[in-house]
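Keep in mind that this is a model prediction, so the values were computed, not measured. Every chain is numbered from 1, with letters handed out A, B, ... down the list of sequences.
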Amino acid sequence: MSVIKKSNIKFLVGLFCLFTTTVSFAEVAVIVNKANNATIADSDISRVFLGKVKAFSNGDKITVINLKFKKPARNEFEDKVLNKSASQVKAYWSKLMFSGKGKPPKEFASDKDVLAFVAANQGAIGYIEAASADGSVKVIKTF
Amino acid sequence: MKKLTQSLLFSSMLVTYSAHADIAFNGFASIVGGVTTSNDEQLDGYDNTLSFDEGSLFAIQASSELGEGLSVTAQILSRGENDWKPDFEWAYVAYEANDNLRLLAGRQRIPFYMYSDFLDVSYAYPWISPPAGVYSTVINTFDGIGAIYSTNLDEFDVVVHGIYGNSDGEISVDTELTGKADAIFDNITGASMAVTRDWLTLRAAYFQADSTIGLLRLQPLVDGWSAAGFNDIADNISVFEDKSEFVEFGFQAIFDTVQVIGEYTELTTANTTVGDEDSYYIMVSKQFDTILASITYAVDEDHADAITGGVPTGVSPQLDALIALTNGATDAQEVDVTSITLGLRWDFHDSAALKFEYIDYSDDLNSDNDTGLLKAALVTVF
């Protein structure tokens, strides 16, 4: 019995390593609408995604789009750009949600859905796997 | 029949309403078990039999955007220690005047502390509940109006939160001095301000209120001093529309996986027998993947000055007895407690965490009260 358990653990650890390795090679692209001519300083990107900056430099209202939990690009983005673990991000939005100070961004299931929304909404900003980016949106930064 | 019409009317209202606006439901819960390590000491409501109701809570929040910047939110919270009786913790209408200014009317939190806004959302902070010495005001919510102004000055994010209102509910304070007593706080006025830049947040808050606390247990003293002709002292024993003042300073510093948080608070109620409270804590935590380990050092010091200074002793036995009893009441409020909390938080799931805590209390006035408290909690947001 314990032999089976051990091998299970080994398998899981192996799987986990494989997973993290794959993830850390994926680049994440921050995208906005093609018509968006605002400039965003690199240091502002995390503040935008944490809801602290609510308007672009041109005055347009920002609509932040997130990927669903457990999407590799989301882990990557939260780690590299927001500098927070997944549970820290969740805790951050819980604080705002239960004190009436803010709502977490809308979540989409796939890069394709994020692309489509950003392409159709001028004030939108989101992130996707860099490889998924196409000409329908403007990439402002890759991490 | 009337009832039926009413309920029909109500449900048709609901139907019409939901056609216009979606209601979002969210919630959070903590299931906390705790037990003290010594045989006869009670601490924060815990004793030496494992208890699961003290500290456990369940909350549901419903909110709806009405458009044009208006939204309504209600949060209903049940606490195990109140026999799970549900209470409206928040119930307000908010108006987003612009990107910087948000106005709130209704029942809401008094932003006393760094964690006031999400005091019960254990998922949002390292501890099972925030340090009890600092987080010790008898009220946390009020009914009235609030304004939250947030802005960005270069790389500084600034949030100013001002409030005005009352707390006239059935709040009872239960201390050694008062026994169970009803408390009313009027004209609660004040503001907090927090400034964040990158890894550092600094916070300060000031509030004042007119406090009235029904100190029935001390009424004989009030009567005694009035009869003896010392109306000043009689006034100073009772807490009737006396001004309470609250001051807080806090900081939060994040260095990659290490976090340092500290808060200092001072609470005074002038011209009363209610003691002044000075409290602070400092917490250091480190994140190891899904485990957060923390250590918190906290100090809670209360002191009430004797109010019988101007009264001559030895004049009459009755007067001497009054002096002794009154000094006893102020002396009894002396508190000097130091605690060290060791905590672990394990984020084993995307919206739930397990927490373990050991709190070691030492009473610097009476070491017989020293005790330890062991707690475990399952906390979640949904």
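- No other option in K54(A), K84(A), R47(A) has as many heavy-atom pairs under 4.5 Å with chain B as R47(A).
- Of the atoms belonging to Q287(B), it is side-chain heavy atoms, and not backbone ones, that fall under 4.5 Å from chain A.
- Residues of residues 89-108 of chain A placed with any heavy atom under 4.5 Å of a heavy atom in chain B are listed by number as K90(A), A91(A), S94(A), K95(A), M97(A), F98(A), S99(A), G100(A), K101(A), K103(A).
- Contact count versus chain A (heavy atoms, under 4.5 Å) is highest, among S116(B), G27(B), A24(B), for G27(B).
- Neither the backbone nor the side chain of N100(B) comes within contact range of chain A; no heavy atom of the residue lies under 4.5 Å from a heavy atom of that chain.
- The part of D347(B) that comes within reach of chain A is its side chain, from C-beta onward, which places non-hydrogen atoms under 4.5 angstrom from that chain.
- Of the atoms belonging to S351(B), heavy atoms from both backbone and side chain fall under 4.5 Å from chain A.
- Proximity to chain A (any heavy atom under 4.5 Å) is shown, for R109(B), by neither the backbone nor the side chain.
- More than 12 heavy atoms of other residues, nucleotides or ligands shown are found within 6.0 angstrom of OH on Y206(B).
- Looking at S150(B), the atoms closer than 4.5 Å to chain A (heavy atoms on both sides) all sit in the side chain, from C-beta outward.
- Of the atoms belonging to H349(B), not a single heavy atom falls under 4.5 Å from chain A.
- The CG atom of D44(A) sits 7.5 Å away from the CG atom of N152(B) when rounded to the nearest 0.5 Å.
- Contact annotation for Y125(B): neither backbone nor side-chain heavy atoms come within less than 4.5 Å of a heavy atom of chain A.
- Using a 4.5 Å cut-off between heavy atoms, S87(A) touches chain B through backbone and side chain atoms alike.
- Highest contact tally toward chain A, considering only D198(B), D350(B), V381(B), is held by D350(B) [criterion: heavy-atom pairs under 4.5 Å].
- Of residues 29-41 of chain A, not one residue has a non-hydrogen atom less than 4.5 Å from any non-hydrogen atom of chain B.
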